[in-house]
Trainee: 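Input: one structure, supplied below.
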Amino acid sequence: MSQRVIKKIKFQDYGSKPKYEQESFGFKSKENSNEEEDEEEEEKESHVIETKKLQMTKDSQGQRINEYQILENLGRGSYGKVKKAVKNGKTYAIKIMNKRLLKKKRQGRRKTALDNVRREIAIMKKVNHPNVVNLYEVIDDNETQLLFLVMEFMEGGALMDDNTIQEPIEEPQARKYFRDIICGLDYLHFHQIVHRDIKPENLLKDKDGKVKIADFGVSDIFEKDDKFTSTAGTPAFLPPEICSGKKNFSGKDQDIWAVGISLYYMVFGMLPFLARNPLKLFEKIQNEKLTIPEKTETDLKSLILGILEKDPDNRMKIDEIYTHPWVTERNRNAFPRGEYTEFDLSETDIQNAFTPRNKLAECVHQLILFNRWNNDYESQVSSNEKENEKIQVKEKETQKEKEKKMENGNNKNENENENNTDLDLENSTIWEDLGDTEDWEEVDF
Ligand SMILES: Nc1ncnc2c1ncn2[C@@H]1O[C@H](COP(=O)(O)OP(=O)(O)OP(=O)(O)O)[C@@H](O)[C@H]1O
(Lines give C-alpha, C1' and ligand atoms only; values in the text may rest on other atoms or scores of the structure.)
Protein backbone atom coordinates (compact mmCIF):
# COMPACT_ATOMS: atom_id res chain seq x y z
CA MET A 1 0.00 0.00 0.00
CA SER A 2 1.22 3.42 -0.85
CA GLN A 3 1.95 5.61 2.15
CA ARG A 4 0.16 8.89 2.48
CA VAL A 5 2.70 11.54 1.82
CA ILE A 6 2.08 15.14 2.58
CA LYS A 7 4.43 17.44 0.88
CA LYS A 8 5.43 20.47 2.86
CA ILE A 9 7.96 22.60 1.17
CA LYS A 10 9.09 26.05 2.01
CA PHE A 11 11.80 27.61 0.04
CA GLN A 12 13.16 30.87 -1.08
CA ASP A 13 14.56 31.24 -4.51
CA TYR A 14 17.88 32.98 -4.44
CA GLY A 15 18.87 31.77 -7.87
CA SER A 16 18.36 33.99 -10.86
CA LYS A 17 15.26 35.68 -9.38
CA PRO A 18 15.05 37.15 -5.89
CA LYS A 19 11.45 36.11 -5.23
CA TYR A 20 9.58 33.07 -6.43
CA GLU A 21 6.10 33.35 -7.80
CA GLN A 22 4.54 30.42 -9.50
CA GLU A 23 0.81 30.66 -9.02
CA SER A 24 0.06 27.48 -10.91
CA PHE A 25 1.66 25.40 -8.17
CA GLY A 26 0.19 27.45 -5.38
CA PHE A 27 3.40 29.09 -4.27
CA LYS A 28 3.34 32.77 -3.63
CA SER A 29 5.94 35.32 -2.80
CA LYS A 30 6.15 35.87 0.95
CA GLU A 31 4.67 39.36 0.92
CA ASN A 32 1.48 38.14 -0.75
CA SER A 33 0.90 35.02 1.24
CA ASN A 34 -1.32 34.56 4.22
CA GLU A 35 -0.66 31.73 6.64
CA GLU A 36 -3.96 29.87 6.26
CA GLU A 37 -3.65 29.80 2.52
CA ASP A 38 -0.07 28.58 2.80
CA GLU A 39 -1.17 25.76 5.10
CA GLU A 40 -3.85 24.73 2.59
CA GLU A 41 -1.38 24.72 -0.29
CA GLU A 42 1.16 22.73 1.68
CA GLU A 43 -1.36 19.99 2.51
CA LYS A 44 -1.72 19.01 -1.16
CA GLU A 45 -0.49 15.47 -1.65
CA SER A 46 0.87 15.84 -5.13
CA HIS A 47 0.51 18.39 -7.86
CA VAL A 48 0.71 15.76 -10.61
CA ILE A 49 -2.48 14.67 -12.38
CA GLU A 50 -2.69 10.95 -13.12
CA THR A 51 -4.77 10.04 -16.15
CA LYS A 52 -5.57 6.50 -17.23
CA LYS A 53 -7.65 7.21 -20.31
CA LEU A 54 -6.05 8.18 -23.59
CA GLN A 55 -7.84 9.67 -26.56
CA MET A 56 -5.76 10.16 -29.65
CA THR A 57 -7.47 12.12 -32.38
CA LYS A 58 -6.50 13.87 -35.58
CA ASP A 59 -8.11 17.02 -36.95
CA SER A 60 -7.25 19.81 -39.38
CA GLN A 61 -4.86 21.24 -36.79
CA GLY A 62 -2.98 17.98 -36.38
CA GLN A 63 -2.82 15.37 -33.66
CA ARG A 64 -4.32 15.53 -30.20
CA ILE A 65 -3.64 13.55 -27.07
CA ASN A 66 -6.61 14.11 -24.75
CA GLU A 67 -6.84 17.92 -24.53
CA TYR A 68 -3.29 18.52 -25.77
CA GLN A 69 -2.73 19.71 -29.33
CA ILE A 70 0.56 18.14 -30.44
CA LEU A 71 3.04 20.44 -32.15
CA GLU A 72 6.63 19.94 -33.31
CA ASN A 73 9.38 17.64 -32.01
CA LEU A 74 11.56 19.06 -29.24
CA GLY A 75 14.02 16.23 -29.16
CA ARG A 76 14.62 12.59 -28.68
CA GLY A 77 16.14 10.77 -25.74
CA SER A 78 17.10 7.15 -25.27
CA TYR A 79 13.63 6.30 -23.94
CA GLY A 80 11.33 8.20 -26.27
CA LYS A 81 10.42 11.41 -28.03
CA VAL A 82 9.65 14.84 -26.60
CA LYS A 83 6.98 16.92 -28.35
CA LYS A 84 5.77 20.46 -27.85
CA ALA A 85 2.05 20.66 -27.06
CA VAL A 86 -0.60 23.23 -26.20
CA LYS A 87 -3.62 23.01 -23.90
CA ASN A 88 -5.86 26.00 -23.11
CA GLY A 89 -3.26 28.36 -24.55
CA LYS A 90 -0.47 27.05 -22.32
CA THR A 91 2.55 25.30 -23.81
CA TYR A 92 3.91 21.99 -22.48
CA ALA A 93 6.61 19.48 -23.33
CA ILE A 94 5.33 15.91 -23.56
CA LYS A 95 7.68 12.97 -23.33
CA ILE A 96 6.16 10.01 -25.14
CA MET A 97 7.29 6.51 -24.31
CA ASN A 98 6.15 3.01 -25.11
CA LYS A 99 6.01 0.73 -22.07
CA ARG A 100 6.24 -2.41 -24.18
CA LEU A 101 9.50 -1.21 -25.70
CA LEU A 102 10.84 0.05 -22.39
CA LYS A 103 10.18 -3.38 -20.89
CA LYS A 104 12.30 -4.96 -23.62
CA LYS A 105 15.21 -2.56 -23.28
CA ARG A 106 17.59 -4.03 -20.76
CA GLN A 107 19.53 -1.77 -18.44
CA GLY A 108 22.26 -3.82 -16.84
CA ARG A 109 21.71 -7.37 -15.67
CA ARG A 110 18.58 -7.04 -13.59
CA LYS A 111 16.72 -3.98 -14.81
CA THR A 112 14.81 -2.80 -17.83
CA ALA A 113 14.34 0.77 -19.02
CA LEU A 114 10.83 0.58 -17.57
CA ASP A 115 12.35 0.33 -14.08
CA ASN A 116 14.34 3.52 -14.71
CA VAL A 117 11.23 5.30 -16.00
CA ARG A 118 9.29 4.16 -12.94
CA ARG A 119 11.94 5.74 -10.71
CA GLU A 120 12.11 8.89 -12.88
CA ILE A 121 8.33 9.39 -12.62
CA ALA A 122 8.22 8.64 -8.87
CA ILE A 123 10.91 11.28 -8.28
CA MET A 124 9.32 13.85 -10.59
CA LYS A 125 5.92 13.35 -8.94
CA LYS A 126 7.36 14.29 -5.57
CA VAL A 127 9.70 17.15 -6.39
CA ASN A 128 8.44 20.69 -6.69
CA HIS A 129 11.02 23.42 -6.88
CA PRO A 130 11.62 26.42 -9.14
CA ASN A 131 14.95 24.98 -10.30
CA VAL A 132 13.66 21.53 -11.15
CA VAL A 133 11.59 20.87 -14.29
CA ASN A 134 8.04 20.22 -13.17
CA LEU A 135 5.84 17.33 -14.14
CA TYR A 136 2.13 18.22 -14.52
CA GLU A 137 0.45 15.04 -15.68
CA VAL A 138 1.16 11.38 -16.32
CA ILE A 139 -1.04 9.74 -18.95
CA ASP A 140 -0.67 6.00 -18.65
CA ASP A 141 -2.74 4.06 -21.15
CA ASN A 142 -2.76 0.30 -20.79
CA GLU A 143 -4.48 -0.38 -24.10
CA THR A 144 -1.83 1.25 -26.29
CA GLN A 145 0.96 0.78 -23.71
CA LEU A 146 1.86 4.43 -24.26
CA LEU A 147 3.08 6.62 -21.46
CA PHE A 148 3.05 10.42 -21.62
CA LEU A 149 4.84 12.73 -19.22
CA VAL A 150 3.43 16.23 -19.49
CA MET A 151 6.11 18.63 -18.29
CA GLU A 152 6.57 22.35 -18.13
CA PHE A 153 7.90 23.66 -21.41
CA MET A 154 11.46 24.95 -21.20
CA GLU A 155 11.44 27.50 -23.95
CA GLY A 156 15.14 28.40 -23.71
CA GLY A 157 16.25 24.81 -24.41
CA ALA A 158 19.45 23.29 -23.04
CA LEU A 159 22.00 25.45 -21.23
CA MET A 160 24.56 24.42 -23.80
CA ASP A 161 23.81 22.13 -26.63
CA ASP A 162 26.51 19.55 -26.94
CA ASN A 163 30.03 18.78 -25.94
CA THR A 164 31.78 20.68 -28.70
CA ILE A 165 33.68 23.94 -28.18
CA GLN A 166 31.19 26.76 -27.59
CA GLU A 167 31.19 30.48 -26.98
CA PRO A 168 31.87 30.95 -23.22
CA ILE A 169 29.05 32.46 -21.16
CA GLU A 170 29.82 35.84 -19.55
CA GLU A 171 30.61 35.51 -15.84
CA PRO A 172 27.56 37.38 -14.41
CA GLN A 173 25.23 35.23 -16.52
CA ALA A 174 27.17 32.06 -15.70
CA ARG A 175 26.89 32.94 -11.98
CA LYS A 176 23.09 33.22 -12.24
CA TYR A 177 22.87 29.88 -14.03
CA PHE A 178 25.26 28.31 -11.52
CA ARG A 179 23.21 29.53 -8.56
CA ASP A 180 20.05 28.14 -10.15
CA ILE A 181 21.71 24.74 -10.55
CA ILE A 182 23.00 24.75 -6.96
CA CYS A 183 19.53 25.71 -5.61
CA GLY A 184 17.92 22.81 -7.50
CA LEU A 185 20.65 20.36 -6.53
CA ASP A 186 20.58 21.35 -2.85
CA TYR A 187 16.81 20.73 -2.84
CA LEU A 188 17.28 17.28 -4.43
CA HIS A 189 20.10 16.27 -2.08
CA PHE A 190 18.07 17.44 0.92
CA HIS A 191 15.36 15.03 -0.20
CA GLN A 192 17.89 12.22 -0.59
CA ILE A 193 17.76 12.25 -4.35
CA VAL A 194 20.91 12.17 -6.44
CA HIS A 195 20.60 13.17 -10.07
CA ARG A 196 23.67 11.33 -11.41
CA ASP A 197 23.58 12.89 -14.87
CA ILE A 198 24.12 16.61 -14.36
CA LYS A 199 25.40 18.17 -17.59
CA PRO A 200 24.48 21.24 -19.67
CA GLU A 201 22.19 19.15 -21.91
CA ASN A 202 20.08 18.23 -18.87
CA LEU A 203 19.96 21.81 -17.56
CA LEU A 204 17.11 23.55 -19.36
CA LYS A 205 16.23 27.26 -19.48
CA ASP A 206 12.71 28.61 -19.18
CA LYS A 207 11.46 31.68 -21.01
CA ASP A 208 13.03 33.99 -18.40
CA GLY A 209 16.41 32.29 -18.56
CA LYS A 210 15.98 30.49 -15.25
CA VAL A 211 17.83 27.16 -15.26
CA LYS A 212 16.05 24.00 -14.12
CA ILE A 213 17.36 20.49 -13.65
CA ALA A 214 15.78 17.98 -16.05
CA ASP A 215 16.01 14.31 -17.01
CA PHE A 216 15.81 12.07 -13.96
CA GLY A 217 16.36 8.96 -16.09
CA VAL A 218 19.29 7.63 -14.00
CA SER A 219 18.53 9.44 -10.75
CA ASP A 220 18.41 7.50 -7.55
CA ILE A 221 17.24 7.80 -3.99
CA PHE A 222 19.34 6.97 -0.96
CA GLU A 223 18.60 6.27 2.67
CA LYS A 224 21.19 6.67 5.41
CA ASP A 225 24.20 7.46 3.30
CA ASP A 226 24.53 8.33 -0.33
CA LYS A 227 26.88 5.51 -1.30
CA PHE A 228 26.44 3.85 -4.68
CA THR A 229 28.23 1.08 -6.54
CA SER A 230 26.60 1.18 -9.97
CA THR A 231 27.99 3.51 -12.61
CA ALA A 232 25.55 5.97 -14.12
CA GLY A 233 26.08 9.22 -15.95
CA THR A 234 27.89 10.65 -18.95
CA PRO A 235 31.62 9.78 -19.26
CA ALA A 236 32.98 13.35 -19.59
CA PHE A 237 31.08 14.33 -16.40
CA LEU A 238 32.08 11.35 -14.25
CA PRO A 239 34.35 12.02 -11.24
CA PRO A 240 37.74 10.29 -10.80
CA GLU A 241 36.45 7.91 -8.11
CA ILE A 242 33.92 6.42 -10.57
CA CYS A 243 36.46 6.35 -13.44
CA SER A 244 38.80 4.30 -11.25
CA GLY A 245 36.05 1.75 -10.63
CA LYS A 246 35.84 2.50 -6.91
CA LYS A 247 32.97 0.76 -5.16
CA ASN A 248 30.91 2.76 -2.68
CA PHE A 249 31.27 6.28 -3.92
CA SER A 250 29.11 9.21 -2.89
CA GLY A 251 26.29 10.14 -5.27
CA LYS A 252 26.26 13.70 -3.92
CA ASP A 253 29.99 14.07 -4.62
CA GLN A 254 29.33 12.78 -8.15
CA ASP A 255 26.69 15.49 -8.69
CA ILE A 256 28.99 18.20 -7.30
CA TRP A 257 31.82 17.15 -9.63
CA ALA A 258 29.42 17.18 -12.60
CA VAL A 259 28.27 20.69 -11.62
CA GLY A 260 31.97 21.71 -11.60
CA ILE A 261 32.50 20.32 -15.11
CA SER A 262 29.33 22.14 -16.24
CA LEU A 263 30.61 25.41 -14.71
CA TYR A 264 33.97 24.96 -16.44
CA TYR A 265 32.12 24.37 -19.69
CA MET A 266 29.99 27.48 -19.20
CA VAL A 267 32.84 29.90 -18.44
CA PHE A 268 35.53 28.49 -20.75
CA GLY A 269 33.33 27.08 -23.52
CA MET A 270 35.00 23.66 -23.47
CA LEU A 271 35.24 20.55 -21.36
CA PRO A 272 38.34 20.17 -19.13
CA PHE A 273 38.96 16.52 -20.01
CA LEU A 274 38.53 15.25 -23.53
CA ALA A 275 39.73 12.06 -25.20
CA ARG A 276 38.97 9.90 -28.18
CA ASN A 277 37.73 6.92 -26.20
CA PRO A 278 36.25 6.39 -22.73
CA LEU A 279 39.29 4.51 -21.39
CA LYS A 280 41.64 7.35 -22.29
CA LEU A 281 39.11 9.83 -20.94
CA PHE A 282 38.83 8.00 -17.60
CA GLU A 283 42.61 7.92 -17.38
CA LYS A 284 42.78 11.70 -17.96
CA ILE A 285 40.02 12.48 -15.45
CA GLN A 286 41.92 10.51 -12.80
CA ASN A 287 45.46 11.67 -13.50
CA GLU A 288 45.63 14.78 -15.66
CA LYS A 289 46.11 18.08 -13.86
CA LEU A 290 43.23 20.47 -14.37
CA THR A 291 44.23 23.41 -16.56
CA ILE A 292 42.61 26.78 -16.02
CA PRO A 293 43.19 29.62 -18.48
CA GLU A 294 45.79 32.09 -17.15
CA LYS A 295 43.68 35.22 -17.02
CA THR A 296 40.95 33.58 -14.93
CA GLU A 297 39.89 35.73 -12.00
CA THR A 298 41.07 34.36 -8.58
CA ASP A 299 37.65 33.66 -7.06
CA LEU A 300 36.41 31.75 -10.08
CA LYS A 301 39.67 29.82 -10.20
CA SER A 302 39.44 28.83 -6.52
CA LEU A 303 35.81 27.71 -6.94
CA ILE A 304 36.57 25.53 -9.95
CA LEU A 305 39.67 24.04 -8.31
CA GLY A 306 37.66 23.36 -5.13
CA ILE A 307 34.84 21.60 -6.94
CA LEU A 308 37.04 19.72 -9.39
CA GLU A 309 39.22 18.33 -6.60
CA LYS A 310 40.08 14.76 -7.57
CA ASP A 311 39.90 13.40 -4.02
CA PRO A 312 36.19 13.31 -3.10
CA ASP A 313 37.04 13.76 0.61
CA ASN A 314 38.66 17.12 -0.16
CA ARG A 315 36.11 18.14 -2.79
CA MET A 316 34.06 21.23 -1.97
CA LYS A 317 30.67 20.44 -0.41
CA ILE A 318 27.45 22.23 -1.27
CA ASP A 319 27.44 24.38 1.91
CA GLU A 320 30.91 25.70 1.05
CA ILE A 321 29.68 26.53 -2.45
CA TYR A 322 26.83 28.61 -0.98
CA THR A 323 29.33 30.87 0.78
CA HIS A 324 32.09 30.93 -1.83
CA PRO A 325 33.26 34.50 -2.77
CA TRP A 326 32.67 33.98 -6.52
CA VAL A 327 29.10 32.81 -5.87
CA THR A 328 28.27 35.61 -3.42
CA GLU A 329 30.36 38.23 -5.26
CA ARG A 330 32.33 38.67 -2.05
CA ASN A 331 29.14 38.97 0.04
CA ARG A 332 27.64 41.67 -2.15
CA ASN A 333 25.05 39.22 -3.46
CA ALA A 334 23.75 37.00 -0.64
CA PHE A 335 22.99 33.39 -1.46
CA PRO A 336 21.14 31.89 1.54
CA ARG A 337 19.98 28.30 1.37
CA GLY A 338 16.34 27.35 0.97
CA GLU A 339 14.41 25.79 3.86
CA TYR A 340 12.78 22.51 3.09
CA THR A 341 10.56 20.07 4.94
CA GLU A 342 11.09 16.40 4.38
CA PHE A 343 8.85 14.23 2.27
CA ASP A 344 8.86 10.45 1.93
CA LEU A 345 9.87 8.78 -1.26
CA SER A 346 9.80 5.04 -0.81
CA GLU A 347 10.21 1.91 -2.92
CA THR A 348 6.39 1.66 -2.84
CA ASP A 349 6.13 5.08 -4.45
CA ILE A 350 8.46 3.88 -7.20
CA GLN A 351 6.46 0.70 -7.79
CA ASN A 352 3.26 2.76 -7.93
CA ALA A 353 4.67 5.59 -10.04
CA PHE A 354 2.24 4.53 -12.76
CA THR A 355 0.10 1.40 -13.26
CA PRO A 356 1.60 -0.93 -10.67
CA ARG A 357 3.16 -4.12 -11.91
CA ASN A 358 0.52 -6.75 -12.30
CA LYS A 359 2.26 -9.71 -10.69
CA LEU A 360 -0.70 -12.05 -11.31
CA ALA A 361 -0.73 -11.28 -15.05
CA GLU A 362 3.00 -11.89 -15.23
CA CYS A 363 2.64 -15.26 -13.43
CA VAL A 364 -0.10 -16.26 -15.87
CA HIS A 365 2.18 -15.28 -18.75
CA GLN A 366 4.90 -17.56 -17.38
CA LEU A 367 2.42 -20.44 -17.04
CA ILE A 368 1.26 -19.98 -20.64
CA LEU A 369 4.88 -20.17 -21.81
CA PHE A 370 5.40 -23.33 -19.79
CA ASN A 371 2.23 -24.99 -21.13
CA ARG A 372 3.17 -24.14 -24.70
CA TRP A 373 6.50 -25.83 -24.24
CA ASN A 374 4.78 -28.82 -22.64
CA ASN A 375 2.26 -29.25 -25.51
CA ASP A 376 5.01 -29.05 -28.14
CA TYR A 377 6.83 -31.78 -26.34
CA GLU A 378 3.76 -34.06 -26.21
CA SER A 379 2.84 -33.67 -29.90
CA GLN A 380 6.40 -34.57 -30.87
CA VAL A 381 6.12 -37.78 -28.88
CA SER A 382 2.79 -38.82 -30.50
CA SER A 383 4.15 -38.49 -34.07
CA ASN A 384 7.01 -40.77 -33.15
CA GLU A 385 4.46 -43.32 -31.90
CA LYS A 386 2.96 -43.68 -35.39
CA GLU A 387 6.29 -44.28 -37.04
CA ASN A 388 7.70 -47.03 -34.93
CA GLU A 389 6.00 -49.21 -32.41
CA LYS A 390 9.16 -50.24 -30.72
CA ILE A 391 10.28 -46.72 -30.40
CA GLN A 392 6.79 -45.89 -29.25
CA VAL A 393 7.07 -48.22 -26.30
CA LYS A 394 10.38 -46.77 -25.43
CA GLU A 395 9.16 -43.26 -25.93
CA LYS A 396 6.18 -43.95 -23.71
CA GLU A 397 8.47 -45.18 -21.02
CA THR A 398 10.66 -42.18 -21.45
CA GLN A 399 7.60 -39.99 -21.59
CA LYS A 400 6.28 -41.42 -18.37
CA GLU A 401 9.59 -40.89 -16.74
CA LYS A 402 9.77 -37.35 -18.00
CA GLU A 403 6.19 -36.65 -16.99
CA LYS A 404 7.01 -37.95 -13.57
CA LYS A 405 10.01 -35.68 -13.44
CA MET A 406 7.97 -32.78 -14.75
CA GLU A 407 5.27 -33.41 -12.22
CA ASN A 408 7.89 -33.24 -9.51
CA GLY A 409 9.23 -30.12 -11.17
CA ASN A 410 5.73 -28.62 -11.31
CA ASN A 411 5.11 -29.35 -7.68
CA LYS A 412 8.44 -27.81 -6.89
CA ASN A 413 7.53 -24.71 -8.93
CA GLU A 414 4.14 -24.47 -7.29
CA ASN A 415 5.75 -24.68 -3.89
CA GLU A 416 8.27 -22.07 -4.88
CA ASN A 417 5.50 -19.77 -6.10
CA GLU A 418 3.58 -20.28 -2.91
CA ASN A 419 6.57 -19.19 -0.94
CA ASN A 420 7.43 -16.40 -3.30
CA THR A 421 4.38 -14.55 -4.58
CA ASP A 422 6.71 -11.68 -5.34
CA LEU A 423 7.99 -13.44 -8.45
CA ASP A 424 11.38 -12.07 -9.45
CA LEU A 425 10.69 -11.25 -13.07
CA GLU A 426 13.75 -9.07 -13.39
CA ASN A 427 15.76 -12.28 -13.28
CA SER A 428 13.31 -14.26 -15.40
CA THR A 429 14.29 -15.29 -18.91
CA ILE A 430 10.96 -14.25 -20.42
CA TRP A 431 12.33 -10.81 -21.21
CA GLU A 432 15.28 -12.32 -23.05
CA ASP A 433 13.06 -13.88 -25.73
CA LEU A 434 11.50 -10.67 -26.85
CA GLY A 435 14.00 -9.88 -29.60
CA ASP A 436 15.72 -6.74 -30.70
CA THR A 437 14.69 -3.59 -28.91
CA GLU A 438 16.36 -0.86 -30.88
CA ASP A 439 13.40 0.27 -32.96
CA TRP A 440 12.24 3.30 -31.02
CA GLU A 441 10.58 4.63 -34.16
CA GLU A 442 7.65 2.47 -33.08
CA VAL A 443 6.60 5.32 -30.79
CA ASP A 444 5.07 7.01 -33.75
CA PHE A 445 3.48 10.44 -33.68
N1 LIG B 1 10.58 20.14 -20.51
C2 LIG B 1 11.18 20.31 -21.69
N3 LIG B 1 11.02 21.47 -22.37
C4 LIG B 1 11.64 21.64 -23.57
N5 LIG B 1 12.43 20.71 -24.15
C6 LIG B 1 12.60 19.55 -23.52
C7 LIG B 1 12.00 19.29 -22.25
N8 LIG B 1 12.38 18.05 -21.85
C9 LIG B 1 13.17 17.57 -22.81
N10 LIG B 1 13.32 18.45 -23.81
C11 LIG B 1 14.11 18.28 -25.03
O12 LIG B 1 13.92 16.96 -25.52
C13 LIG B 1 15.17 16.28 -25.65
C14 LIG B 1 15.01 14.84 -25.23
O15 LIG B 1 14.81 14.81 -23.84
P16 LIG B 1 14.93 13.50 -22.97
O17 LIG B 1 14.82 13.87 -21.54
O18 LIG B 1 13.99 12.47 -23.49
O19 LIG B 1 16.31 12.92 -23.34
P20 LIG B 1 17.81 13.42 -23.18
O21 LIG B 1 18.00 14.04 -21.84
O22 LIG B 1 18.22 14.24 -24.35
O23 LIG B 1 18.53 12.06 -23.35
P24 LIG B 1 18.61 10.80 -22.43
O25 LIG B 1 17.28 10.57 -21.79
O26 LIG B 1 18.96 9.76 -23.40
O27 LIG B 1 19.69 11.14 -21.45
C28 LIG B 1 16.16 17.04 -24.78
O29 LIG B 1 17.41 17.03 -25.36
C30 LIG B 1 15.58 18.45 -24.71
O31 LIG B 1 16.18 19.27 -25.67
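From a predicted model like this one, the values you see are computed outputs, not experimental measurements. Counting starts at 1 for both ligands and their atoms, in listed order.
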Trainee: Quick test: of every protein heavy atom, which one is nearest to atom 26 (O) of ligand 1, and how far off is it to 0.1 Å?
Mentor: Ser78 OG, 2.5 Å

Trainee: Hey, what's the ring geometry for Tyr322 with Phe335, parallel, tilted or perpendicular (30° and 60° as the breaks)?
Mentor: parallel

Trainee: With atoms numbered from 1 as shown, which atoms in ligand 1 lie under 4.0 angstrom from a non-hydrogen atom of Met151?
Mentor: 8 (N)

Trainee: Which heavy-atom pair separates Val194 from Gly251 by the least distance, and what is that distance?
Mentor: CG1-C, 3.5 Å

Trainee: Just go through Val133, Asn73, Val82, Thr234 and tell me whose heavy atom is the nearest to atom 14 (C) of ligand 1.
Mentor: Val82

Trainee: Strictly less than 4.0 Å: does any protein heavy-atom distance to atom 29 (O) of ligand 1 fall in that range?
Mentor: no

Trainee: Which heavy atom of the protein is the closest neighbour of atom 23 (O) of ligand 1, given with residue, atom name and distance?
Mentor: Gly77 CA, 3.6 Å

Trainee: Return the closest protein heavy atom for atom 17 (O) of ligand 1 as residue, atom name and distance.
Mentor: Lys95 NZ, 3.2 Å

Trainee: For atom 22 (O) of ligand 1, what's the nearest protein heavy-atom neighbour? Residue, atom name and distance, please.
Mentor: Arg76 O, 4.1 Å

Trainee: To the nearest 0.1 Å, how far is atom 13 (C) of ligand 1 from its closest protein heavy atom, and which atom is that?
Mentor: Gly75 CA, 3.7 Å

Trainee: Measure the NZ-NE2 distance between Lys252 and His189 for me, rounded to the nearest 0.5 Å.
Mentor: 7.0 Å

Trainee: Glu201: heavy atom below 4.0 Å from ligand 1, yes or no?
Mentor: no

Trainee: Closest heavy-atom contact between Leu159 and Met266?
Mentor: CD2-SD, 3.8 Å

Trainee: If you take the nearest heavy atom of each of Ile96, Leu74, Leu204, Asn202, which one is closest to atom 7 (C) of ligand 1?
Mentor: Leu204

Trainee: Can you tell me how far CE of Met151 sits from CD of Glu137, rounded to the nearest 0.5 angstrom?
Mentor: 12.5 Å

Trainee: Just heavy atoms, cut-off under 4.0 Å: does Met154 contact ligand 1 by side chain, backbone, both, or neither?
Mentor: both

Trainee: Taking the six-membered ring for Trp, are Tyr340 and Tyr187 parallel (under 30°), tilted (30 to 60°) or perpendicular (over 60°)?
Mentor: perpendicular

Trainee: For atom 21 (O) of ligand 1, what is the nearest protein heavy atom, given as residue, atom name and distance?
Mentor: Asp215 OD2, 2.6 Å

Trainee: Specify the closest pair of heavy atoms between Pro336 and Ala334, including all atoms of both residues, with the distance to one decimal.
Mentor: CD-C, 3.5 Å

Trainee: Between Ile292 and Phe268, which heavy-atom pair has the shortest distance, and what is it?
Mentor: CG2-CZ, 4.0 Å

Trainee: Is it the side chain (CB and beyond), the backbone, both or neither of Ala93 that lies under 4.0 Å from ligand 1, heavy atoms counted?
Mentor: side chain

Trainee: Pick from Gln254, Lys247, Gln286, Arg315: which one makes a side chain to side chain donor-acceptor pair (under 3.5 Å) with Glu241?
Mentor: Arg315

Trainee: Taking N or O atoms only and a 3.5 Å limit, does Glu152 qualify as a polar contact for ligand 1?
Mentor: yes

